[in-house]
Amino acid sequence: MMDSMKVPDVYQTRMLRMARIRTAAMLLCMVLLFVIGYFALLMGGQLQTILNDAQRTFQSLNTLSTQIEQANIPAMFDNVEMLVQNAQQTMADATGGVDQAIKKIDEVDIDTLNKAIADLAAVVEPIAKLFGGRS
């Protein structure tokens, strides 16, 4: 009869130990939940600010993507290409004018020009003396 009484005592001891472990685990879970809740309250204001900033960013991205979709990119590239072609043509025209001016300057006979200036100075010098110019 003694053996039969020992079996329930061992069973009860094990059940008591398991109840204590469950109670300790439950208390630990409650403490963890309390700590997490406390930090969630502290971070709540910052979390709301972060969420608002994220929402504004997504709205800006949405607006930007809509504008890009509405933009006529091929037409813009065509306009840029036309602008470059016009600039090249203008540059070619300006260069042609400069080339013509250089040809005209090259055609001038410097020796003849110097002789004409000297002859003009020789003619003007007596007239200048007549009107009281320098001698």
N/O donor to acceptor pairs below 3.5 angstrom from side-chain atoms of residues 86-94, sequence neighbours left out:
unit_1 : atom_1 : unit_2 : atom_2 : d
Gln89  : NE2    : Asp93  : OD1    : 3.0
Thr90  : OG1    : Asn86  : O      : 2.9

Original post:
Given Ile68 and Leu64, is the side-chain contact (heavy atoms from CB on, under 4.5 Å) satisfied, shown in steps?
Top reply: CA-CA 6 Å; Ile68 289 173; Leu64 181 63; 4.1 Å; yes

Original post:
Do you know the tightest heavy-atom contact between Ala19 and Thr23?
Top reply: O-OG1, 2.7 Å

Subject >> Contacts of Phe34 that satisfy side-chain contact (heavy atoms from CB on, under 4.5 Å) - sequence neighbours left out >> reply: none

**OP:** Measure the CE-CZ distance between Met15 and Arg22 for me, rounded to the nearest 0.5 Å.
**Re:** 6.5 Å

Subject >> Residues forming a side-chain hydrogen bond (donor to acceptor under 3.5 Å, both in side chains) with Asn114, sequence neighbours excluded >> reply: none

Original post:
Taking only residues two or more places apart in sequence, or in another chain, which ones meet Arg20 in a side-chain contact (heavy atoms from CB on, under 4.5 Å)?
Top reply: Leu16

Original post:
When hydrophobic residues are tied together by side-chain contacts of less than 4.5 Å, even through go-betweens, does Val35 share a cluster with Tyr38?
Top reply: yes

Subject >> Residues forming a side-chain contact (heavy atoms from CB on, under 4.5 Å) with Leu51, sequence neighbours excluded >> reply: Leu47

Subject >> side-chain hydrogen bond (donor to acceptor under 3.5 Å, both in side chains) partners of residues 54-67, not counting sequence neighbours, each pair once >> reply: Asp53-Arg56

**OP:** Determine, for Asp111 against Lys115, whether the closest basic-nitrogen to carboxylate-oxygen distance falls under 4.0 angstrom.
**Re:** no

